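Given the structure is predicted, the values throughout are model-derived calculations rather than measurements.
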Amino acid sequence: MARHADIGIYGIGVMGLALARNIAGKGYKVVVANRTVIEAKKALEEIRRFKESKNIFLAQDISDLVKDVKGPLILLIPSGDPQEDLVTGKSTAPVDDVIFNGSESIKENGKTFRVKPLIKLVGKNHIIIDAGNSHPYASAIRDLRLSKLGIQFLGMGVSGGEMGALKGPALMPGGAYSTYKSAEKLLKSAAAKKGKTVCCDWMGPGGAGHFVKIIHNGIEYGIMQAIAECYFLLREGFSFSNKELHEFFSECNKGSFKSYLLEITAHILNTHNDNEEYILDQILDSAGAKGTGKWTTQIAADLGIATGNIYAALEARQLSNKKEERERIGKLIKKNKLDVNRISKKKIKETAKDSLYASILTSYIQGFHILRAASDELTYTAPHRAFAEKLSHYKKEELNTKLNFAKIANVWKSGCIIRSNLLELFEKVFKEEKVDNLFLSKRITALFKKFYKNWKEAVKISISMDLPYSVSTSSLNYLNSFRSQNLPANLTQAQRDLFGAHTFKKISDSYTHHFNWGAKYSITPTYKISDK
């Protein structure tokens with residue numbers, strides 16, 4: 001055991017182990033522990049061939065880990081939905097059990113025993129870092145509870161998957177700035193680098209770090225589904241082979257749109273097993289989800305922000321899991337056949353690429369629109385703002401910190417799943433144009449003008465072939481709504497006023513009105529309320 005290790009990591013799954021190797025490789029001493037000791041031992045045995053493993057040491061449980069660490073304690077364990085047990089009033093999230101309630105540990109002999117909660121184990125120099133995919137509201141509440149106890153805490157988004165954790169992830173810490181500064185050197189040593197850019201920075205107070213990570217994942221959902229729909233249009237609609245699709249996505253992965261997700265898509269389409277069979281063709285068309293896409297759409301709805309791309313991507317995964325039902329319904333309601341010979345492969349590739357690019361661009365825009373709304377309303381500090389002002393870890397001005405979008409784009413440039421050359425464009429827009437809606441950016445508008453004709457054509461083709469093309473269609477509707485000076489909401493508001501007396505505003509004045517729609521429908525007299 002290494003006494004006075006620099007950092008502890010609790011939760012040695014693929015991410016925890018990879019992050020431990022990353023940090024150990026930078027010369028830090030790392031102590032690791034797991035709920036089940038035998039699993040942690042097996043994991044460490046598997047990495048003993050790597051030279052950095054000499055700096056990684058095993059603790060028997062989390063209490064032993066704390067004794068041996070003088071610095072941060074990173075938790076990489078399930079977070080769960082931000083719910084409470086109605087009987088005990090306590091959170092049901094595993095991370096809260098470890099921090100506040102105490103948790104179970106399993107010895108090598110298989111016997112289970114209770115471990116004290118972290119709040120009973122840590123000292124004033126420790127920093128608890130929740131690096132799982134926690135809900136930002138729950139992260140903000142944890143920050144409050146720990147701050148009241150005088151315990152330092154960071155809620156940190158981590159993106160990059162296992163490979164990112166090993167080679168350098170994008171890190172998005174949130175909490176008191178002084179706490180971040182205490183851990184900054186170590187965190188930045190582990191983070192991804194791109195040129196002079198270090199992909200780790202303080203996002204803001206409370207749950208800001210997890211907020212930014214959740215929105216990152218929502219954007220990820222939208223981009224992944226846009227790529228999947230493009231693949232499906234070309235494969236199902238135009239019988240492209242995997243070789244042709246590999247070449248197509250390799251061609252897409254250039255210039256401003258060069259990205260990790262397009263790169264791995266091209267690689268997947270060219271990967272065989274030992275029998276020269278494509279791995280992709282052996283995978284069931286049923287996609288999983290960890291909950292972050294759902295949280296993104298829920299938070300966006302709370303903020304009044306439209307996220308058609310992200311919701312369409314979430315819905316696509318949900319529908320993919322209805323395999324048996326889809327097969328039964330598909331036999332009853334047949335798809336239309338389109339004469340694909342009238343469209344050349346060269347033309348459909350140009351059309352599909354522009355549609356894909358527009359959908360990817362829109363996914364980023366929707367994510368940044370959520371972040372702007374959250375920043376303006378300080379949603380991520382709402383559960384604890386009044387209390388945090390009284391706590392020593394926070395300076396009052398920190399709680400007025402707004403999200404820095406250029407900084408976020410910078411952190412996402414490498415290490416994370418949505419890394420892309422497009423983030424260079426967004427960083428320039430945020431620094432130089434300072435628009436309050438990204439559709440007002442001259443740089444972004446120029447791209448949409450370039451893509452629009454083929455984008456619209458791709459949507460028409462997918463509809464004519466009865467192929468699901470949800471994200472691209474939603475992207476098009478999103479732009480068309482934003483550029484429509486008039487929308488049919490006047491009819492919606494009239495309906496609401498008729499059945500519920502919800503009132504409406506007129507074009508001609510600033511008053512609030514209610515109309516008597518006739519004796520059959522109205523139950524209240526006509527009235528108007530002055531806004532003055």
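Between the side chains of Asp61 and Ser63, at least one donor-acceptor pair of N or O atoms lies under 3.5 Å. No hydrogens or angles considered: nothing links the side chains of Lys407 and Asn410 as a donor-acceptor pair under 3.5 Å. Residues Asn101 and Asp96 have side chains that never bring a donor and an acceptor to within less than 3.5 angstrom of each other. Inspection of the Asp64 and Gln60 side chains reveals no N or O donor paired with an N or O acceptor under 3.5 Å. Inspection of the Lys70 and Asn125 side chains reveals no N or O donor paired with an N or O acceptor under 3.5 Å.
A side-chain donor-acceptor contact under 3.5 Å links Lys193 to the backbone of Ala191. Under a 3.5 Å cut-off, the side chain of Asn242 and the backbone N or O of Leu269 do not form any donor-acceptor pair. Judged by distance alone, the side chain of Asn34 and the main-chain N or O of Ile12 form a donor-acceptor pair under 3.5 Å. Using modelled atom types, no side-chain atom of Ser53 and backbone atom of Arg49 make a donor-acceptor pair closer than 3.5 Å. Checked by atom type and distance alone, the side chain of Trp202 pairs as donor or acceptor with a backbone atom of Gly175 at under 3.5 Å. With hydrogens and angles disregarded, no donor-acceptor distance shorter than 3.5 Å links the side chain of Arg235 to the backbone of Tyr231. Put simply, the side chain of His210 gets close to the backbone of Gly132: a donor and an acceptor are under 3.5 Å apart. With hydrogens and angles ignored, the 3.5 Å screen pairs a side-chain donor or acceptor of Asn55 with a backbone N or O of Ala24. Ser375 places no side-chain N or O within 3.5 Å of a backbone atom of Arg372 that could act as its donor or acceptor partner. Remark: side-chain polar atoms of Ser320 are paired, donor with acceptor, to backbone N or O of Ala287 under 3.5 angstrom.
Side-chain contact between Ile417 and Tyr260: present, with at least one pair of heavy atoms (C-beta onward) separated by less than 4.5 Å. Annotation: side chain of Val37 is not in contact with side chain of Ile106 (no heavy-atom distance under 4.5 Å). In this structure, Met172 and Trp412 have side chains that are in contact, with non-hydrogen atoms separated by less than 4.5 Å. Lys194 places a side-chain heavy atom less than 4.5 Å from the side chain of Glu424. At a threshold of 4.5 Å between non-hydrogen side-chain atoms, the residues Cys230 and Phe248 count as touching. Considering only heavy atoms from C-beta on, Leu19 comes within 4.5 Å of Leu76 through its side chain. With contacts defined as side-chain heavy-atom distances shorter than 4.5 Å, the pair Asn437/His369 qualifies. In this structure the side chain of Asn253 never reaches within 4.5 angstrom of the side chain of Phe249, judged on heavy atoms.
Partner Asn309 forms a side chain to side chain donor-acceptor pair (under 3.5 Å) with one of Ser475, Ser359, Ser472 and no other, that one being Ser475.
Nearest heavy-atom pair across Ser256 and Ser420 is O-OG, 3.9 Å. In terms of heavy atoms, Tyr10 sits closest to Arg35 at OH-CA, 3.4 Å. Pairing each heavy atom of Ser105 with each of Val115, the nearest pair is CB-CG2, 3.7 Å. Residue Val69 comes nearest to His126 through the heavy atom pair O-NE2, 2.7 Å, listed as atom of the first residue, atom of the second, then distance. Closest approach of Cys252 to Leu356, counting heavy atoms only: SG-CD2, 4.2 Å. Closest of all the heavy-atom pairs between Ala313 and Gln225 is CB-CB, 3.6 Å.
Note that Arg21 lies in the cation-pi zone of Phe50, set by a 6.0 Å cut-off to the ring centre and a 45° limit from the axis. Both tests hold for Lys107 against Phe113: distance to the six-membered ring centre under 6.0 Å, angle to the ring axis within 45°.
Classification of Lys431 and Glu427 as a salt-bridged pair holds, one side-chain N sitting under 4.0 Å from a carboxylate O. Salt bridge status for Asp285 with Arg326: present, with a side-chain N to carboxylate O gap under 4.0 Å. Between Glu45 and Lys42, none of the side-chain N atoms (NZ, or NE/NH1/NH2) sits under 4.0 Å from a carboxylate O, so this pair counts as no salt bridge.
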Practice item. Starting from the C-alpha separation in whole Å, work towards a yes-or-no answer on side-chain contact (heavy atoms from CB on, under 4.5 Å) for Ser286 and Lys323. Key: CA-CA 7 Å; Ser286 179; Lys323 178 71 173 177; 5.5 Å; no

Check your understanding: side-chain contact (heavy atoms from CB on, under 4.5 Å) between Ile370 and Leu303: does it pass, once the steps are laid out?
Key -> CA-CA 7 Å; Ile370 302 170; Leu303 294 168; 4.0 Å; yes

Exercise for review: For side-chain hydrogen bond (donor to acceptor under 3.5 Å, both in side chains), just list the numbers for Lys167 and Asn22, CA-CA rounded to whole Å, side-chain angles, deciding distance to a tenth of an Å, and then say yes or no.
Suggested key: CA-CA 6 Å; Lys167 295 189 173 182; Asn22 175 345; over 6 Å; no

Practice item. Tell me, with the steps shown, if Glu398 and Lys395 meet salt bridge (Lys or Arg N to Asp or Glu O under 4.0 Å). Key: CA-CA 5 Å; Glu398 286 178 38; Lys395 293 181 179 178; 5.8 Å; no

Point to revise | Step-by-step side-chain contact (heavy atoms from CB on, under 4.5 Å) determination, Arg142 to Val95 | key: CA-CA 10 Å; Arg142 286 175 197 131; Val95 69; 3.2 Å; yes

**Study point:** Worked verdict on Met224 versus Leu261 for side-chain contact (heavy atoms from CB on, under 4.5 Å)
**Key:** CA-CA 7 Å; Met224 289 176 69; Leu261 283 169; 4.0 Å; yes

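The six-membered or imidazole ring of Phe430 lies near that of Phe368, with a centre-to-centre distance under 6.0 Å. Checked against the 6.0 Å centroid threshold, Phe405 and Phe426 do not count as a close aromatic pair.
Rounded to the nearest 0.5 angstrom, Lys120 NZ and Phe100 CZ are separated by 12.0 Å. The CG atom of Leu149 sits 5.0 Å away from the CD1 atom of Ile151 when rounded to the nearest 0.5 Å. If you take OG on Ser259 and CZ on Arg419, they are separated by 9.0 Å, rounding to the nearest 0.5 Å. The line from CD1 of Ile7 to CD1 of Ile127 is 9.5 Å long, rounded to the nearest 0.5 Å. With rounding to the nearest 0.5 angstrom, the OG1 atom of Thr265 is 12.5 Å from the CG atom of Asn270. Ile219 CD1 to Ile360 CD1: the interatomic distance, rounded to the nearest 0.5 Å, is 12.0 Å.
Heavy atoms of other residues, nucleotides or ligands lying less than 6.0 angstrom from NZ of Lys41 number 12 at most. Around the NZ atom of Lys26, the shell of radius 6.0 Å holds more than 12 heavy atoms that belong to other residues, nucleotides or ligands. The environment of NE2 in His267 is sparse: at most 12 heavy-atom neighbours from other residues, nucleotides or ligands sit within 6.0 Å. Counting non-hydrogen atoms of other residues, nucleotides and ligands closer than 6.0 Å to CD of Glu277 gives a total above 12.
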